[in-house]
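None of these values were measured; they are calculated from a predicted model. Order of the sequence lines fixes the chain letters, A, B, ..., with proteins taken first and strands second; residue numbering starts at 1 for each chain.
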Amino acid sequence: MSAAQPLVEVEDLSVNFVTRESNVRAVNGVSFTMMPGEVMCMLGESGSGKSVTMRALMRLLPPKRAVITGKIHIAGQDVLAMDDKALRAMRGATVSMIFQEPMTAFDPVVRVGDQISEVVALHRGVSRREGRRRALDLFELVRIPSAERRLDAYPHELSGGLRQRAMIALALSCEPKLLLADEPTTALDATVQIQVLILLRRLQQELGMSVIFVTHDLGVAAEIADRVAVMYAGRVVETGPVRDLLRNPQHPYTAGLLASTVHDQPRDQDLKTIPGTPPDMRRLPPGCSFAPRCARAIADCNLAMPPPVSPEPGRIVRCIRVSQPEFA
Amino acid sequence: RAQETVLRVGMTAGDIPLTAGIPDQGFEGWRFVGYNLYDALVLWDLSRGDVAADIKPGLATSWAIDPNNNRRWIFQLRRDVRFHDGSPMTAADIVWNFERFTREGAPQFNPRQFAFARAYLGNYEGIEAVDELTVAITTKQPDSLLPYNMSFLMMVSPRRSAEVNNDADAFARNPSGTGPYRFARMVPGERLELVRNPDYWDRDRVPKHDRLVLLPMPEASTRTAALLSGQVDWIEAPAPDAIPRLRSARMQIVSNSYPHNWAYQLNFVDGPFADLRVRRAANHALNRADFVEMLGGMALPGFANLTPSTPYYGNPRRYEYDPARARALLQEAGCLPCRVTFAISTSGSGQMQPLPMNELVKAQLEAAGFQVTLQTMDWNALLQVGREGRGRHPTVNGINISRSLQDPFNGMFRFVWSAQAAPAGSNWGHYRNPEMDALVNQALATFDPAERLRILTQIHEKMSEDAVMLWVVHDLNPRAMSPRLRGFTQAQSWFQDLTPITIAPR
Amino acid sequence: MFGYVIRRLIAAIPIALGVSMICYLLVYLAPGDPVQTLLPPDADAETVDRLKRLYGLDRPLPVQYIEWLGRVVSGDFGRSIANGRPVIEEIQRSLGNTVLLATLSVLVAFSIAFVLGTIAGRKAGTWLDRVVTGVAVLGVSVPNYWLAIVLIIIFSVELMILPSSGTAGERFDPTSWEHIQYLILPVITLSMIPVGIIARTTRSAISEVMNQDFVVTLRANGLPEWRVLKHAIKNALPPVLAVMGLQFGTLMGGSILVETVFAWPGSGYLLSKAILTRDVPVLQGTILVLAMIFVVTNLAVDLIQSTLDPRIRRG
Amino acid sequence: MSTAVSDTAAPDAAELALPTQRGYWGTVGYRLRYDHVTLFFGALLLLIILAAVAAPLLAPFDPYQESIIRRLKPPGYQDRYWLGTDELGRDMLSRLLHGGRITLTMGILPVIIATLIGGSLGVLAGFAGGVVNMSIMRVMDVFYAFPSVLLAVAISGAMGGGAVNGMIALTLVFIPPLCRVAETATTQVRNLDFVDAARATGAPMHLVVRHHVIGNVLGPILIYASSLVSVAIILASGLSFLGLGVKPPDPDWGLMLNALRQAIYVSPLVAAMPGIAILITSISMNLVSDGLRAAMDVRS
Amino acid sequence: MAMTSFAVEENDGRDRGGPRQPLLTVQGLKKHFPIRGGIFGRVSARVRAVDGISFAVRKGETLGIVGESGCGKSTVARLLMRLIMPDAGEQIFDGDAVGERGGISVAEMRRQVQMVFQDSASSLNPRMPVQNSIAFGPIALGTRQAEAIGMARELLVKVGLNPALFGGRYPHELSGGQKQRINIARALAMKPRMIILDEAVSALDKSVEAQVLNLLQALKRDLNLTYIFISHDLGVVRWISDRVMVMYLGEVVEIGPADALYASPRHPYTRALLASRPALDPDQRREEAPVSGDPPNPINPPAGCRFHTRCPHAEAVCSARAPMLSAGGDDAHLAACHMQDPSSGHSQALRH
Ligand SMILES: Nc1ncnc2c1ncn2[C@@H]1O[C@H](COP(=O)(O)OP(=O)(O)OP(=O)(O)O)[C@@H](O)[C@H]1O
Ligand SMILES: Nc1ncnc2c1ncn2[C@@H]1O[C@H](COP(=O)(O)OP(=O)(O)OP(=O)(O)O)[C@@H](O)[C@H]1O
Ligand SMILES: [Mg+2]
Ligand SMILES: [Mg+2]
């Protein structure tokens with residue numbers, strides 16, 4: 001490892017949604033670190049806590065209902081200790097975010113260009129006019145054709161692909177060190193998705209920023225990630241460099257996910273599946289939350305959450321079966 | 001110059017009465033607009049409160065029946081009377097005005113004025129100017145009471161009318177009469193402002209204030225609140241229950257009897273009231289003291305048709321409260337329980353507080369063996385029932401329309417004269433009695449006042465004897481005014497004279 | 001946009017026709033005779049018939065309707081039976097007073113309710129929200145004619161600081177206390193319901209907007225809360241303005257009871273007097289004009305909404 | 001040959017653990033249980049309705065029994081007239097209780113009838129679409145062009161007042177908005193996939209509507225209808241207040257309000273009572289309706 | 001596992017034309033949704049959602065339909081079910097014209113063809129226990145209630161859900177995969193011969209998607225079903241389909257056997273689509289997007305070949321004339337591209 005400071009350090013992050021009716025443990029002890037310029041993919045099924053983790057990083061969860069514990073350091077600052085002013089200074093400038101549904105992520109009654117220039121003006125302390133110039137540059141950067149005209153469009157007047165590009169432009173407006181991308185291509189068509197992926201990768205390289213990219217599509221992860229973190233039931237069950245992880249998954253869930261993803265399997269055979277359904281986040285089992293669905297589960301799995309083990313350098317797996325010799 | 005003195009009046013009328021001559025809005029119209037802007041040939045003497053008001057000379061200084069023709073009345077006109085527009089009043093103007101009411105082809109003919117005048121011209125045949133200051137009016141039948149009718153016909157200026165091409169609406173916006181006030185300005189539906197006519201011919205009645213503001217306020221509580229909040233100075237008919245509150249605010253309350261009758265006209269053809277015993281039973285069943293109490297003392301018990309101060313009241317049969325007697329009479333008549341239906345209204349001119357009063361009537365009659373159904377309708381619907389007569393409404397046994405009684409015809413004849421049987425007139429229930437008809441004809445043909453008074457008294461007593469109505473109360477018509485007002489005398493009349501009122505500075 | 005306006009106007013024609021038909025029929029459903037108010041109570045039946053003929057009220061209903069409609073289209077609503085004045089004048093005058101009252105009430109209501117509703121929507125679920133919601137419910141629950149009476153008793157009769165009814169005179173002078181004082185109680189009374197309704201609408205619009213994804217984007221870009229709120233208000237405004245417009249329309253035709261209690265010479269009072277006196281031409285004209293104003297207000301609301309919200313802009 | 005599906009082999013823990021076994025109404029009930037405001041006003045409303053229903057049993061006196069001697073007495077008069085007496089000396093408590101029956105009937109019955117008529121028309125219009133929708137909704141538009149107070153006053157004014165006419169007027173007033181709500185809800189539901197799925201079975205239209213549409217539009221319609229009840233009560237008493245609704249001597253609250261207006265100087269407390277009764281009922285109705293709406297809104 | 005009484009007998013007697021006759025043939029199917037505007041609310045524009053497409057589905061096969069969002073896939077499905085009425089085109093079900101004189105009625109057709117919708121949540125009545133949703137169709141067509149519910153519970157077993165545990169639940173108490181199983185069971189309740197699956201697995205998680213796909217395959221084998229499988233996931237379509245049809249802006253651009261089509265796509269759009277799939281291998285990342293831009297608006301589709309605005313091979317002829325579906329050698333594998341047609345005048349015609 002280089003001597004460089006990690007950009008993101010998350011340790012034992014937990015998020016609890018407390019309501020009168022129930023207590024949703026959306027994230028239960030997530031830990032990871034990221035170096036500057038790294039692209040990390042968060043993989044996981046619906047409801048596994050990916051979005052909540054992203055929002056926790058920017059403290060965007062409803063402060064009354066969401067109880068965040070653990071440690072989040074971004075660019076050397078303790079995010080959980082920030083006051084409102086520091087938070088605002090961080091958001092959009094150091095860290096920014098793009099969302100799955102660009103349609104709903106823009107204010108529908110304000111022109112796209114104005115939304116971008118407002119943010120630029122705010123963080124850079126420049127005039128709106130200056131902000132608009134910057135917005136135009138950004139639109140060209142993300143390759144929006146007839147950028148000048150599109151600045152004056154309302155969000156609903158843009159096609160899906162253009163909207164997502166505009167969203168990216170907004171996120172990049174203040175040259176953040178860290179970009180959080182929450183399934184930015186899921187809503188897009190195949191031919192458009194690949195365009196956006198390539199664009200994002202290029203921008204990441206040009207700007208040298210770090211990206212956390214949320215997806216549940218293994219292919220997308222393969223396309224963009226340096227590293228992958230697989231989430232299940234609010235925990236990172238496995239992390240590692242993308243090649244190693246895809247070729248040699250260690251955690252039974254990762255392995256199952258890879259096996260069940262339809263990708264040129266022979267047509268006359270049944271697909272491999274993971275039986276059962278993900279657990280209810282309101283009542284997690286005490287031990288490994290994947291144990292009820294796991295073909296390799298043993299009695300000990302249900303006792304406690306398995307500790308992280310590192311079978312190879314740079315890889316961390318949370319499965320007690322992994323630490324055993326036959327897997328080593 | 002001293003500050004202008006303004007008298008602001010809250011009227012019971014729902015709108016500003018018509019200013020084009022004969023007013024609308026019932027007697028409120030005559031009270032506030034008719035007799036203030038205009039004069040009639042004959043006026044009412046409203047200067048005293050102790051006797052029933054009677055007619056007095058108006059634009060005519062005197063009148064008499066033509067000695068040669070008992071269908072021809074001769075009116076001597078007043079000299080030196082001028083309209084507000086400055087033109088003098090002559091016999092030709094009077095004739096012109098009569099044509100305005102009656103001659104359909106005349107340029108000045110006005111259908112609304114016709115409609116209002118018609119009630120007073122039922123017996124009218126024609127008019128002629130005898131000389132510059134004398135007119136003669138002929139009637140279809142001898143009519144000793146014609147001068148009373150003349151008191152309702154307001155004389156407007158033909159000159160002003162000509163200026164606006166005889167357009168009655170234009171005239172109403174800038175009227176000209178001979179009355180004690182002149183027109184100043186009007187906000188339709190909201191307020192009418194009149195100013196003193198310093199040149200009024202009756203020097204005693206030149207107004208003692210500069211300006212009179214008339215505001216329509218049909219709701220009793222609105223009037224009360226307006227007086228209490230200082231928005232007006234003089235209101236009519238405050239709610240009886242508000243009177244203690246008004247007194248505590250140092251408001252002056254005046255009241256006086258006037259020719260008003262809150263009663264039921266009965267159906268003499270269909271149903272139980274055809275029987276005199278039932279009519280008497282009903283009159284015995286009412287405890288009129290309760291009504292007076294409920295109305296806060298602002299009513300007289302109604303034992304007979306006329307108010308006791310009327311000269312021809314006489315000594316009518318007195319229907320004391322006696323429920324046992326009532327029940328016995330019903331028993332005798334074979335009508336126990338006696339089912340009757342009254343048509344009543346929710347509101348209306350002179351109806352006082354129709355709903356609670358009718359409810360009380362119902363309760364008391366039922367206590368004596370009646371079974372009363374009240375058919376509640378709005379005022380106009382009730383008037384229609386009244387106009388159409390029992391013939392169209394055989395299931396109705398009585399109607400509760402309060403009528404004015406200011407002269408013998410309106411006070412008595414129209415209810416009992418067979419010639420007035422509805423729909424021709426106001427004899428709603430078709431009371432028919434040859435003796436009564438004979439008395440009426442006799443009275444109309446008697447031009448000697450003393451003799452006529454005797455006949456009239458006889459008629460009134462006979463009405464009581466026959467129990468031609470179910471009498472309840474006579475209104476005392478309370479009025480409330482600000483402590484700053486002086487000089488008002490409440491006359492025993494539907495009409496009042498506001499001219500003597502002075503206003504102390506605030 | 002222009003085409004859309006025209007289209008909406010054309011679409012309003014059948015509605016207007018339907019409205020006019022209902023207005024005409026309503027009045028003729030009624031028992032009682034319209035010419036009665038022309039007459040003294042003692043008038044006889046023959047006079048009634050003669051007058052009916054003079055006023056053309058004796059012909060078949062469809063004939064009367066067509067004729068009436070023809071005249072109405074050319075702006076002639078006939079003359080009041082009760083007072084003989086042209087109905088159009090009566091309506092114009094009273095409408096002016098009602099517009100004054102309705103506009104002030106809606107503006108007062110809007111300024112109070114929008115602030116209340118925004119606070120509540122922003123703080124949805126807190127005690128502040130509950131207080132505002134309570135006020136809003138009170139506003140829509142109080143029978144306003146009763147409130148009118150209570151206010152008169154307190155401010156006119158007991159405290160004697162405000163007049164109880166009517167107006168000061170013909171032309172409203174906004175600089176004169178003499179004129180303004182007459183407005184205070186009616187405006188308070190009439191703004192009660194709009195306060196309730198607008199506060200509720202604002203609250204739900206704001207809280208709905210605050211739950212939308214783009215608010216997260218705004219926060220994620222470091223915008224301070226007041227800027228976020230500005231965006232939220234801009235989004236919430238179209239539905240709130242629409243409700244405000246509808247309330248204005250409702251007040252134009254719906255203040256019958258309150259105007260009656262305050263004897264405020266507006267269209268509602270005119271209407272209630274016309275009902276009591278069976279003044280058919282006034283009734284027909286007033287109902288028609290009020291309903292048409294309501295139609296036009298709704299249309300205007302629609303148009304305003306579509307200019308404010310780019311998503312529903314029409315070609 | 002068998003369709004081997006792993007789940008059936010052993011209903012596993014994950015499935016058994018699925019917690020919410022409450023039905024839809026169960027959830028609604030559960031939510032209501034924690035909504036103290038709604039519960040309180042619901043109880044109050046129930047009390048008012050029960051009191052009105054049981055008025056003949058509860059009322060200490062005949063509500064029509066008048067006596068001039070004891071008119072306008074303050075509450076507690078003679079220890080028997082707990083709420084005092086009105087302008088004709090009738091017992092206020094008895095009149096308020098009996099009045100509740102009339103006022104609530106005037107408020108609730110038109111809404112029920114309008115819900116039936118307007119709801120059915122709206123569902124019909126929404127489901128049938130096309131010309132049927134056009135013709136129904138255009139007629140509704142015409143009635144919609146009148147502000148509700150204006151329409152109510154105009155209709156009952158034209159028909160000459162009276163309780164029945166007043167209720168007819170109110171019914172006519174409420175049909176168009178209910179029809180609209182029903183139409184909107186139906187159009188929305190009709191476009192949901194499950195209705196298409198039901199149509200795709202080839203089932204006859206009326207069964208699809210009955211089983212799949214009605215149940216899903218009933219919620220919004222009923223919530224809206226319940227919010228109209230308070231409007232109806234205020235409107236109905238407004239009509240009576242104008243003299244266009246219930247006729248005296250029936251003790252309608254609006255009518256009592258009007259009659260007691262004059263007595264406000266003598267016995268302000270008594271005069272205020274009918275207004276307070278209307279206010280409390282209408283507040284309760286509104287809050288209960290709001291509570292229901294919140295509880296029935298599955299999204300929140 | 002014990003076989004239940006529900007099993008459909010092979011050759012249930014409804015088969016009319018024998019195995020050779022296609023189960024479904026569609027000719028020139030067309031649907032233009034009107035958009036109203038202008039002063040009189042006239043139709044000012046039309047969304048050409050489905051613009052004259054033809055295809056056949058053989059008995060027992062699975063036809064996959066792929067294409068980008070908005071290209072008209074769902075519209076085709078709804079047209080086939082007659083949930084919306086086509087503007088033109090004929091539909092022949094097992095030899096009988098649907099909804100025409102002498103043919104088969106729509107109601108009868110619906111008994112034999114069923115549909116499963118994409119959104120598993122909105123395609124179940126939220127107010128109805130799921131077993132009643134399944135039983136609704138049979139009950140509506142005359143089966144007794146108890147019997148139908150019994151059958152529904154058997155179907156629950158068939159789709160892998162324990163009826164005792166799930167039968168009485170409401171949709172919101174089920175997970176997405178479970179809901180989709182219910183939807184499949186509901187379709188099966190009508191004992192159809194063919195099921196149209198419109199994005200039936202797209203909303204599911206990967207691990208659950210595989211379960212449902214396996215279930216679909218198993219059911220098809222067991223019950224002798226024919227599928228039309230609509231999806232935008234090329235991998236899934238390839239795995240499940242025998243033949244694949246590619247749509248672009250309301251038209252069919254290519255249709256052919258799955259293996260052939262994936263191995264050698266003939267239409268540039270199909271090629272682009274296939275090339276746009278992310279590789280599962282980090283060492284083979286795409287550097288250049290196969291095509292640029294978004295699909296155009298179906299309200300005013302480009303003239304000529306609809307793909308010419310994005311096509312790397314576009315020439316003058318492409319915008320001038322619309323190409324026809326043509327074989328280019330292999331009768332089973334058709335594509336609508338001028339490059340397939342030697343006479344088109346395209347410079348690259350047939351040269352690849
Ligand atoms: N505001 C909230 N209140 C309560 N629970 C919440 C809230 N936001 C998220 N959750 C719960 O937290 C869990 C994790 O949600 P999250 O959105 O992070 O999932 P995800 O991995 O992003 O899934 P997807 O792939 O569907 O986006 C879910 O069970 C969700 O229901
Ligand atoms: N009822 C309708 N009215 C107007 N346009 C419609 C209607 N239904 C569909 N469309 C339009 O028709 C086109 C095709 O829609 P369709 O739903 O068939 O696409 P799809 O291929 O299923 O897309 P997706 O992958 O997003 O489901 C789209 O542009 C859509 O907007
Ligand atoms: Mg997410
Ligand atoms: Mg689709």
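- Taking chain C as the reference chain and counting heavy-atom pairs below 4.5 Å, the highest number among A:M97, A:M103, A:H123, A:R91 is found for A:R91.
- Inter-residue side-chain proximity for C:T250 and C:F294 is flagged as met; some heavy-atom pair is nearer than 4.5 Å.
- Contact annotation for A:L170: both backbone and side-chain heavy atoms come within less than 4.5 Å of a heavy atom of chain C.
- Side-chain atoms of C:T217 and C:N221, non-hydrogen and from C-beta on, do get closer than 4.5 Å to each other.
- Of all the heavy atoms in A:V18 and A:V67, the pair that sits closest is CG2-CG2, 3.7 Å.
- A salt bridge between A:R59 and A:D84 is absent, with no side-chain N of the basic residue lying under 4.0 Å from a carboxylate O of the acidic one.
- Proximity to chain C (any heavy atom under 4.5 Å) is restricted, for A:F99, to the side chain, taken from C-beta onward.
- If you tally non-hydrogen atom pairs under 4.5 Å between each of A:E118, A:M167, A:M90 and chain C, the highest count goes to A:E118.
- Among A:I98, A:V95, A:D107, the residue making the largest number of heavy-atom pairs under 4.5 Å with chain C is A:D107.
- Residues A:E183 and A:E101 form no side-chain contact, since every pair of their non-hydrogen atoms from C-beta on lies 4.5 Å or further apart.
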